[in-house]
Visitor: 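Could you have a look at this structure, given as structure tokens, before my questions?
Being a predicted model, the structure only gives us computed values, none of them experimental. Just so it is clear: chains get the letters A, B, ... in the order the sequence lines come, proteins before strands, and each one is counted from 1. Both backbone and side-chain heavy atoms feed into the values below; hydrogens, waters and symmetry mates do not.
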Amino acid sequence: MNDIEPRDFIRKIIYDDLESGKHAEIVTRFPPEPNGYLHVGHVMAICLDFGVAAETGGRTFLRLDDTNPGKESPEFVEAIKDDVHWLGFDWEDRLTHASDYFDRLYESAIQLVEQGVAYVDSLSAEEIREHRGTLTESGRNSPYRDRSVEENLDLFRRMYAGEFGDGEHVLRAKIDMASPNMNMRDPAIYRIRHIPHQNAGDKWCIYPMYDYAHGMSDAYEGITHSLCTLEFEDHRPLYDWFLDQLQPEHRPRQIEFSRLNLAYTITSKRKLKALVDEGVVSGWNDPRMPTISGMRRRGYPPAALREFVKRAGVTKKDKLIEMGALETCVRDVLGETAPRRMAVLRPLKIVLTNYPEGQVELMEAMNHPGNPDFGTRELPFSRELWIEQDDFMEDAPRKFFRLKPGGEVRLRFGYIIRCDEAIKNDDGEVVELRCSYDPDTRSGTGTSDRKVKGTIHWASCAHAVDASVRLYDRLFTDANPNAAEDFHKVLNPGSLEIVAAKLEPSLASVDEAVQFERLGYFCRDSADDTVSTHVFNRIVTLRDSWAKLEKQAMQQQG
RNA sequence: UGGGGCGUAGCCAAGUGGUAAGGCAUCGGGUUUUGAUCCCGUGUACCGCAGGUUCGAAUCCUGCCGCCCCAGCCA
């Protein structure tokens with residue numbers, strides 16, 4: 001427990017409950033429905049649920065909220081488990097399913113019938129909707145609302161026994177059809193579904209609804225604080241109603257907080273699924289996806305995601321957080337942990353005309369400028385090198401301190417070179433540069449302490465490793481695609497660019513995320529990289545104040 | 001036009017009657033063989049608006065405005 005850490009309103013409640021002695025231990029749960037992949041929005045909930053319990057020495061359950069078979073599958077539960085673990089949290093032996101409680105839930109439903117607060121309705125779904133009224137008009141009681149306890153008991157048991165088809169009957173809570181809260185207008189508790197269940201097999205043909213199953217599952221597990229998002233605020237009276245009726249041993253408290261929305265991306269499971277199904281992306285774990293598995297494949301460190309939601313905070317105000325906030329967290333983590341390497345994304349060949357043909361020197365390079373513990377490595381240097389196309393400009397502005405005709409630049413960890421001649425093809429494009437190097441300026445050991453303004457990265461043509469590098473950009477062109485009429489219209493056509501890059505030799509085998517100096521952070525693509533074909537993902541670019549200046553200049557020109 | 005929430009700088013967010021923390025972004029400057037990192041500095045926030053209470057209000061009261069959620073046998 002840390003008294004200095006600022007506490008959000010939920011932590012205040014929880015710490016108060018601990019101090020007042022209301023609870024001796026905090027028990028929370030993270031309860032996703034296994035009907036899709038987890039995304040950034042869930043990271044907030046996971047960190048809150050597991051975080052607050054861990055901080056107070058409590059426990060957290062990972063509960064698969066699988067009350068709606070047909071939409072749920074074991075594939076999703078496995079993905080959810082992987083994602084939560086990867087994020088850095090452990091439920092130990094507390095992996096449960098709402099379906100683990102189906103027997104108890106059924107028994108308690110019978111109790112509700114016996115208490116006269118639940119009844120079997122035989123209206124069709126459509127009729128029930130008509131009877132529910134509208135936001136401004138109260139609903140009407142179902143003609144079946146006053147069936148006797150005996151008749152309800154008989155009907156409900158026969159629903160359980162499989163005597164009826166889907167939709168013939170439904171068990172409802174008898175509350176108040178005139179309630180201004182729609183959730184209290186006799187909500188359904190059980191529906192008939194003759195389909196097998198991802199965890200319970202084909203034992204059941206009636207399944208409990210979320211509102212009933214969720215609160216009671218919380219109670220069964222001894223959850224002290226049931227944290228969920230704002231849209232369930234209206235459900236709290238119903239959550240409490242079930243607890244009031246059934247009086248379980250433990251009484252959990254539901255507290256709601258706002259969802260976290262990330263700018264330029266979507267977090268609706270339905271829309272994410274559409275992106276996958278329509279082939280807009282390669283799958284749920286496409287590196288452009290805001291899913292946890294997508295961000296993992298992209299190379300975002302779990303610590304960066306945790307830091308991100310921590311900075312975002314827990315409140316009840318709708319959030320639409322800028323992508324830059326997430327990227328800063330990713331850079332902060334990677335900046336400290338990623339070894340530095342060199343790679344050329346868009347190669348332009350240069351020949352050092354005064355460098356001996358066939359000679360190869362090994363240049364010592366630091367693996368991390370701010371941390372000597374990372375050690376050094378050797379880079380082969382030769383007469384023909386690749387440099388970045390963007391690092392040469394024929395008609396360069398004064399402030400461009402990279403390579404230009406007649407100009408000098410330092411090759412990182414190498415020599416200072418001068419551009420003597422630009423060779424062009426028939427289309428007038430620069431295809432090669434003729435340069436000369438200054439032998440007195442070898443990195444570290446140079447006898448000359450000459451300084452030049454710019455330093456650029458490079459790779460030796462004879463030694464470079466070929467790789468396909470995927471450069472990602474935001475998936476949408478609109479800051480809030482969630483609100484767009486049709487998200488297809490705001491898709492960013494340039495969200496993926498693939499370049500044929502030249503890498504320094506050591507990059508042929510790396511498992512961790514690295515920084516390609518001056519470019520950004522990259523990692524091997526876990527799905528497509530093979531021994532023969534190297535495939536890298538750009539995790540995030542480096543901050544680029546030159547690009548910013550260029551952009552401003554462009555805007556000034558119109 | 002019913003009910004439930006929310007409104008503090010571009011984006012997040014502290015603050016609960018005593019005269020507006022912090023982070024991200026922005027904009028300057030310094031260091032630098034990554035135009036990165038790092039380090040300094042940088043914001044007149046009509047605290048949604050309008051009244052009121054008070055010596056004093058972002059904080060209390062009243063009215064208004066704006067945004068979000070709810071009419072699944074989804075979660």
Visitor: What nucleotide among B:G3, B:C73, B:G15 has an atom nearest to a side-chain atom of A:Arg191?
Guide: B:C73
Visitor: In whole Å, measure the gap between the P atoms of B:U62 and B:G10 for me.
Guide: 30 Å
Visitor: Under 4.0 Å, counting only non-hydrogen atoms across every strand here, what does A:Leu320 touch: a base, just sugar-phosphate, or nothing?
Guide: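 Here A:Leu320 touches the backbone only, sparing every base.
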Visitor: Which nucleotide in the list B:A14, B:U34, B:C68 gets nearest to the side chain of A:Thr315?
Guide: B:A14
Visitor: Of all the choices, B:G23, B:U33, B:C12, which nucleotide is nearest to the side chain of A:Thr455 once you look at every atom?
Guide: B:U33
Visitor: Report yes or no: is there a donor-acceptor pair, N or O only, under 3.5 Å between the side chain of A:Asp544 and the base of B:G35?
Guide: no
Visitor: Quick check: any donor-acceptor pair below 3.5 Å linking the side-chain of A:Arg402 to the base of B:G35?
Guide: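 Per atom types, the contact qualifies.
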Visitor: Can you name the nearest heavy-atom pair linking A:Arg442 to A:Arg410, along with the distance?
Guide: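 The answer is C-NH2, 3.8 Å.
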Visitor: Looking for any heavy atom pair under 4.0 Å, which part of the strands does A:Leu123 touch: base, sugar-phosphate only, or nothing?
Guide: base
Visitor: Is it the case that the base of B:U33 and the side chain of A:Arg410 share a donor-acceptor contact (distance under 3.5 Å, atom types as modelled)?
Guide: yes
Visitor: Between the side-chain atoms of A:His235 and the base atoms of B:A75, is any donor-acceptor pair under 3.5 Å?
Guide: yes
Visitor: Using a heavy-atom cut-off of under 4.0 Å over every strand shown, decide if A:Thr328 touches base, sugar-phosphate, or nothing.
Guide: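 The residue A:Thr328 makes sugar-phosphate contact but no base contact.
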Visitor: Give none if B:G28 has no partner; otherwise give the nucleotide forming a Watson-Crick or G-U wobble pair with it, both distances under 3.5 Å.
Guide: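 In the structure as shown, B:G28 has B:C40 as its Watson-Crick or wobble partner.
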Visitor: Of the options B:A36, B:C70, B:G7, whose atoms approach the side-chain atoms of A:Lys317 most closely?
Guide: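 The nucleotide sitting nearest to the side chain is B:G7.
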Visitor: Please tell me which of the listed nucleotides, B:G3, B:C24, B:A71, lies nearest to the side chain of A:Asp234?
Guide: B:G3
Visitor: With distance as the sole test, does A:Ser99 use its side chain to make a donor-acceptor pair with the main-chain N or O of A:Ala200 at under 3.5 Å?
Guide: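 Answer holds: no.
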Visitor: Could you give the distance from CZ (A:Arg412) to OG1 (A:Thr455), rounded to the nearest 0.5 Å?
Guide: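 Reported to 0.5 Å precision, the distance equals 7.0 Å.
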Visitor: Base, sugar-phosphate, or nothing: which does A:Thr67 touch, judged by heavy atoms less than 4.0 Å apart?
Guide: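 It contacts sugar-phosphate atoms only.
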Visitor: Any idea which of B:C12, B:G5, B:A71 is nearest the A:Arg132 side chain?
Guide: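 Selected nucleotide: B:A71.
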Visitor: Using a 4.0 Å heavy-atom cut-off across all strands, classify A:Leu135 as base, sugar-phosphate, or nothing.
Guide: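 Result for A:Leu135 = base.
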Visitor: Quantified in whole Å, what is the C1' atom distance between nucleotide B:U1 and nucleotide B:G43?
Guide: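 B:U1 and B:G43 have their C1' atoms separated by 43 Å.
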Visitor: Between B:G15 and B:A58, how far is it from one C1' atom to the other, in whole Å?
Guide: 8 Å
Visitor: With heavy atoms under 4.0 Å as the rule, sort A:Phe413 into base, sugar-phosphate or nothing.
Guide: base
Visitor: Separation of A:Asn261 atom CG from B:C11 atom P, in whole Å?
Guide: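 After rounding, the reported distance stands at 14 Å.
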Visitor: May I ask you to say what A:Lys269 touches in the nucleic acid, namely base, sugar-phosphate or nothing, with a heavy-atom cut-off under 4.0 Å?
Guide: nothing
Visitor: Under 4.0 angstrom, heavy atoms only, what part of the nucleic acid is A:Pro369 near: base, sugar-phosphate, or nothing?
Guide: base
Visitor: When all nucleic acid strands are considered with a 4.0 Å heavy-atom cut-off, which category describes A:Met342: base, sugar-phosphate, or nothing?
Guide: nothing
Visitor: Can you tell me if A:Glu517 and A:Gln515 form a side-chain donor-acceptor pair at under 3.5 Å?
Guide: no
Visitor: Determine the contact category for A:Ala125: base if any of its heavy atoms lies under 4.0 Å from a base atom, sugar-phosphate if only primed atoms, P, OP1 or OP2 are that close, otherwise nothing.
Guide: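 It contacts base atoms.
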Visitor: Could you tell me whether the phosphate oxygens of B:U37, OP1 or OP2, come under 4.0 Å of any side-chain nitrogen or oxygen in A:Arg543?
Guide: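 Checking A:Arg543 against B:U37: at least one side-chain N or O falls below 4.0 Å of OP1 or OP2.
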Visitor: Among A:Gln198, A:Lys71, A:Lys81, find the residue that satisfies the side-chain contact (heavy atoms from CB on, under 4.5 Å) test when tested with A:Pro34.
Guide: A:Gln198
Visitor: What distance, rounded to whole Å, do you find between the two C1' atoms, one in B:C40 and one in B:U54?
Guide: 43 Å
Visitor: Let's see if you can work this out: which of B:A36, B:G4, B:C69 has an atom nearest to the side-chain heavy atoms of A:Glu231?
Guide: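 Of the candidates, B:C69 comes closest.
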Visitor: Checking all strands, does A:Phe400 fall into the base, sugar-phosphate, or nothing category for heavy-atom contacts under 4.0 angstrom?
Guide: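 Base contact.
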Visitor: Between the base of B:U34 and the side chain of A:Gln515, is there a donor and acceptor pair under 3.5 angstrom?
Guide: yes
Visitor: Taking the six-membered ring for Trp, are the ring centroids of A:Phe61 and A:Phe30 within less than 6.0 Å of each other?
Guide: no
Visitor: Consider the side chain of A:Arg412, meaning its heavy atoms from C-beta on, and name the nucleotide among B:G35, B:U33, B:C27 that approaches it most closely.
Guide: B:U33
Visitor: Using a cut-off of less than 4.0 Å, is there contact between a side-chain N or O of A:Lys548 and OP1 or OP2 of B:G35?
Guide: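 For A:Lys548, the contact criterion (side-chain N or O under 4.0 Å from OP1 or OP2 of B:G35) is not met.
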Visitor: Under 4.0 Å, counting only non-hydrogen atoms across every strand here, what does A:Arg331 touch: a base, just sugar-phosphate, or nothing?
Guide: nothing
Visitor: Taking syn as within 90° of 0 and anti otherwise, name the glycosidic form of B:G28.
Guide: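 For B:G28, whose glycosidic angle is more than 90° from 0, the conformation is anti.
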Visitor: Report yes if a donor N or O on one partner sits less than 3.5 Å from an acceptor N or O on the other, where the partners are the side chain of A:Glu256 and the base of B:G5; otherwise report no.
Guide: no
Visitor: Base, sugar-phosphate, or nothing for A:Lys453, non-hydrogen atoms under 4.0 angstrom?
Guide: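 The answer is nothing, as A:Lys453 stays clear of every strand by at least 4.0 Å.
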Visitor: Have a look at A:Tyr190 and say if it touches a base, only the backbone sugar-phosphate, or nothing, with a 4.0 Å heavy-atom cut-off.
Guide: nothing
Visitor: With respect to the side chain of A:Glu233, which nucleotide from B:G4, B:C12, B:G35 is positioned closest?
Guide: B:G4
Visitor: Does B:C6 pair with anything, Watson-Crick or G-U wobble, both distances under 3.5 Å, and if so, with which nucleotide?
Guide: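 Across all strands, the one nucleotide that pairs with B:C6 is B:G66.
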Visitor: Looking at B:G5, B:G35, B:G10, which one has an atom nearest to any side-chain atom of A:Glu322?
Guide: B:G10
Visitor: In whole Å, what separates the P atom of B:A50 from that of B:U8?
Guide: 16 Å
Visitor: May I ask you to check whether A:Asp66 and A:His97 show a side-chain donor-acceptor distance below 3.5 Å?
Guide: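 Not at all, the side chains of A:Asp66 and A:His97 share no donor-acceptor pair under 3.5 Å.
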Visitor: What integer number of Å spans the C1' atoms of B:G17 and B:G4?
Guide: 29 Å
Visitor: Rounded to whole angstrom, note down the C1' distance from B:C24 over to B:G30.
Guide: 22 Å
Visitor: Go through the N and O atoms of the side chain of A:Ser443 and the base of B:U33, and report whether any donor-acceptor pair is under 3.5 Å.
Guide: yes
Visitor: For B:A20 and B:A25, measure between their P atoms and round to the nearest Å.
Guide: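 One P to the other, the span is 27 Å.
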Visitor: If you take all heavy atoms of A:Pro369 and A:Arg340, which pair is closest and at what distance?
Guide: CD-CD, 3.4 Å
Visitor: Sub-3.5 Å donor-acceptor pair from the side chain of A:His39 to the main-chain atoms of A:Thr267, do we have one?
Guide: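 Yes.
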